[in-house]
Peer 1: 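Structure provided below as structure tokens; questions to follow.
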Amino acid sequence: MMRHRTSAHAYQESDRGASVSTTAVSERGTRTVGSSPEGTSVRGGPLKQLLSVCDSEEQRRALCASDRPLDLLVLLLLTAIAAGTRFWRLSAPNSVVFDEFHFGKFVTCYFTGEYFFDIHPPLGKLLLALGGYLHGYNTSFLYDQIGAVYPDDSYMGPRFVAALFGTLVVPLYYLVARALPMSVEASALAASWLLFDMATAIESRLILTDSQLVFFTVLHLYCMLRLWRTRNGTRARRRWLLWSGITAGLALSVKWTALATPGLAGLVSLFGSRALLGHQKRIPFFQCVLIGLVAICVYTSFFWLHFRLLPRSGSGDAFMLPTFRANLLGSPEHDPRAPKVPFGSKFLYLNKEMLRANAQVPGRHHWESKWWSWPLDLSGILYWIQSQRAPWMDAPQTNPSPRAMLRASQGSLKPKSAFDVVEARIYLLVNPIVAWSVLGGLLLFVSLVGHRLFQAAIGDFQRAPKRKRESEPSKLARRVKQTYYATGTFVFCGWLLNLLPYIGVKRAAFLYHYLPGLIYGILLTAWLLDRAPVSRSMRAQIAMIGILLSAAAYVYFSPWVYGLHLTIEQQRARRWLGTWI
């Protein structure tokens with residue numbers, strides 16, 4: 001078998017952009033990859049340069065390998081900041097927040113053994129329960145209303161699980177961007193936007209499962225990207241086949257909405273993409289089937305555990321068949337002589353009921369929103385709110401000192417607000433800098449594809465009937481353009497497929513449903529920056545500006561993440577749009 005190895009031979013920067021020359025060495029000799037034999041360069045305006053990217057994915061992967069010390073530094077920094085933003089004030093508020101009302105009850109049921117029904121698979125709730133088990137969990141708390149105060153700190157166990165996954169997904173997301181591959185600066189921008197997104201941070205701080213959903217989705221995408229770089233028959237291929245199946249099963253075991261990523265990755269594997277699969281046309285069919293079988297086994301195993309932990313009658317009895325209820329301890333229909341229902345029958349029936357219940361989620365909810373409003377960041381969800389008397393209203397009345405009277409006369413002791421209350425809230429909202437930047441990236445990519453299709457149509461119309469033999473530089477340019485658009489289209493389709501379940505459906509949809517799609521939108525925007533016709537230093541400056549702006553917005557809106565008290569005027573100042581509450 002012929003072996004090839006690539007090495008970065010030269011890297012040059014100019015005002016127009018970075019040009020790379022990489023030499024591929026084989027047993028037959030050497031050849032230059034990624035530039036024409038004549039050293040032909042791309043000329044034209046910025047749009048034409050962007051459409052005619054001339055560096056190959058092999059070259060980018062070679063450059064990525066040279067940045068490993070910097071990668072380690074960035075990963076450590078991202079992880080530290082992510083841990084700080086997710087774990088700081090994790091105990092606040094010490095009361096039930098929004099859907100903790102539901103998931104807290106589910107966690108409790110795993111301790112009491114009372115059967116319950118939920119429209120989502122069990123893994124996310126099982127992991128929350130594991131956190132409660134390790135920390136110590138109070139099963140006497142009823143989660144009977146939003147805003148109910150927790151009697152102790154046992155709620156911290158499940159919240160810790162959410163925060164842990166919300167922390168780990170940030171460095172993992174950076175690795176995904178590097179595996180696409182992107183430069184360090186573009187990858188850092190993508191990871192920072194995920195880090196400083198308020199919606200992602202809020203979901204990572206409560207007894208909710210969306211931080212697990214995002215983590216396992218990103219983990220599966222990373223495993224597939226690694227799989228696509230392996231050669232058939234190698235140990236690495238077998239290892240990443242196994243992990244791809246496991247992570248697909250884990251993602252689907254949290255929520256079915258994760259299906260877009262393994263579905264899209266499966267299509268690419270089956271039908272092939274030279275840009276993504278590199279040296280191979282496609283992943284063999286039987287290997288794709290193997291990934292699916294492993295995913296099904298992982299998915300099924302958590303239902304087995306789910307049934308095993310819930311042997312008693314509970315709130316979910318009515319969703320199951322009488323033969324199942326006859327096996328539940330404490331059920332009015334319990335019959336000790338009733339035959340045990342096979343696991344396969346219970347598994348299939350429960351999944352059918354979950355599918356039916358998902359389709360019948362009420363179509364009206366006070367905080368529901370339309371899918372098209374999510375990229376625009378038009379509205380959010382008020383998770384929690386608390387008002388209290390302003391502290392200056394309760395200040396003790398004492399005889400002021402002459403110095404205090406002087407400060408009062410200068411206005412420094414005037415009330416901070418015209419209102420006598422301050423307000424704390426947790427308001428789920430995508431970081432507006434991130435949301436609107438991603439929207440701009442999506443529109444730019446669509447316009448570039450449209451421009452490319454228009455150029456191709458005009459070229460076909462004007463081409464002479466007798467085609468001339470295509471030159472080597474033309475072949476190279478066409479191949480690189482295909483690589484560019486194939487990778488961008490893959491990420492764009494990931495964004496689109498995650499929105500499709502909410503387009504044209506009657507069921508209620510909420511802003512947090514946008515999170516799986518947002519991770520693709522961020523990747524696409526960072527990808528466009530990485531392929532922009534500018535020098536690497538300029539690209540780094542743009543990335544740094546994007547990071548600083550998103551961080552500044554996060555700090556400004558952080559009272560809505562952590563439930564900090566603000567005056568009414570300060571709350572109103574943060575309502576950049578009239579549709580925000």
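These figures come from a predicted structure and were not determined experimentally.
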Peer 1: Is a side-chain donor or acceptor of R86 paired with a backbone partner of R205 at a separation under 3.5 angstrom?
Peer 2: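 Pair absent, no side-chain N/O of R86 close to backbone of R205.
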Peer 1: Please tell me if the side chains of F445 and T489 come closer than 4.5 Å, counting only heavy atoms from C-beta onward.
Peer 2: yes
Peer 1: Is the shortest distance from a Lys or Arg side-chain nitrogen in R312 or E114 to a carboxylate oxygen in the other one below 4.0 Å?
Peer 2: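 Not counted as a salt bridge, because no side-chain N and carboxylate O are separated by less than 4.0 Å.
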Peer 1: Describe, in one word, how the ring planes of F303 and F307 are oriented to each other, choosing from parallel (under 30°), tilted (30 to 60°) and perpendicular (over 60°).
Peer 2: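 Tilted: the ring planes of F303 and F307 meet at 30° to 60°.
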Peer 1: Begin with the C-alpha distance, continue with both residues' side-chain angles, and end with the deciding distance and a verdict on side chain to side chain contact (heavy atoms under 4.5 Å, CB included) for T108 and F141.
Peer 2: CA-CA 8 Å; T108 300; F141 186 69; over 6 Å; no
Peer 1: Taking D317 for its side chain and S313 for its backbone only, find out whether a donor-acceptor pair lies under 3.5 Å.
Peer 2: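 No; zero donor-acceptor contacts below 3.5 Å.
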Peer 1: Taking the inter-plane angle between the rings of Y383 and F98 on a 0 to 90° scale, is it parallel (under 30°), tilted (30 to 60°) or perpendicular (over 60°)?
Peer 2: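 Plane angle under 30°, so parallel.
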Peer 1: Is it the case that K105 places NZ or CZ above or below the six-membered ring of F103, under 6.0 angstrom from the centre and within 45 degrees of the axis?
Peer 2: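 No - K105 does not lie over the ring of F103 by the 6.0 Å and 45° rule.
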Peer 1: Where does the angle between the aromatic ring planes of Y143 and Y137 fall among parallel (under 30°), tilted (30 to 60°) and perpendicular (over 60°)?
Peer 2: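 Ring orientation, 0 to 90° scale: parallel.
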Peer 1: Has the side chain of S373 got a donor or acceptor atom that lies under 3.5 Å from a matching backbone atom of S369?
Peer 2: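 Side chain of S373 to backbone of S369, a donor-acceptor pair under 3.5 Å: no, none is there.
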Peer 1: Can you tell me if D530 uses its side chain to pair, donor with acceptor, with the backbone of A186 under 3.5 Å?
Peer 2: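 No; zero donor-acceptor contacts below 3.5 Å.
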Peer 1: Short question: side chain of S437, backbone of V434 - any donor-acceptor pair under 3.5 Å?
Peer 2: no
Peer 1: Counting only heavy atoms from other residues, nucleotides and ligands, does the tally under 6.0 Å from OH of Y133 exceed 12?
Peer 2: no
Peer 1: Distance from L221 atom CG to T261 atom OG1, nearest 0.5 Å?
Peer 2: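 Taking CG in L221 and OG1 in T261, the distance rounds to 6.0 Å.
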Peer 1: Quick one: which of F510, Y512, W371, W374 gives a ring pair (Phe, Tyr, Trp, His ring centres under 6.0 Å) with Y502?
Peer 2: W374
Peer 1: Report the residue from W384, W88, Y427, F557 that forms a ring pair (Phe, Tyr, Trp, His ring centres under 6.0 Å) with Y562.
Peer 2: W88
Peer 1: Would you compute the distance between atom OG of S204 and atom CZ of R159 and round it to the nearest 0.5 angstrom?
Peer 2: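 These two atoms lie 12.5 Å from each other.
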Peer 1: Would you mind checking if K255 and D210 are paired as a salt bridge, meaning a charged N to carboxylate O distance below 4.0 Å?
Peer 2: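 Yes, charged N to carboxylate O under 4.0 Å.
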Peer 1: Between K125 (side chain) and H306 (backbone), is there a donor-acceptor pair under 3.5 Å?
Peer 2: no
Peer 1: Among W240, F490, Y222, find the residue that satisfies the ring pair (Phe, Tyr, Trp, His ring centres under 6.0 Å) test when tested with W228.
Peer 2: F490
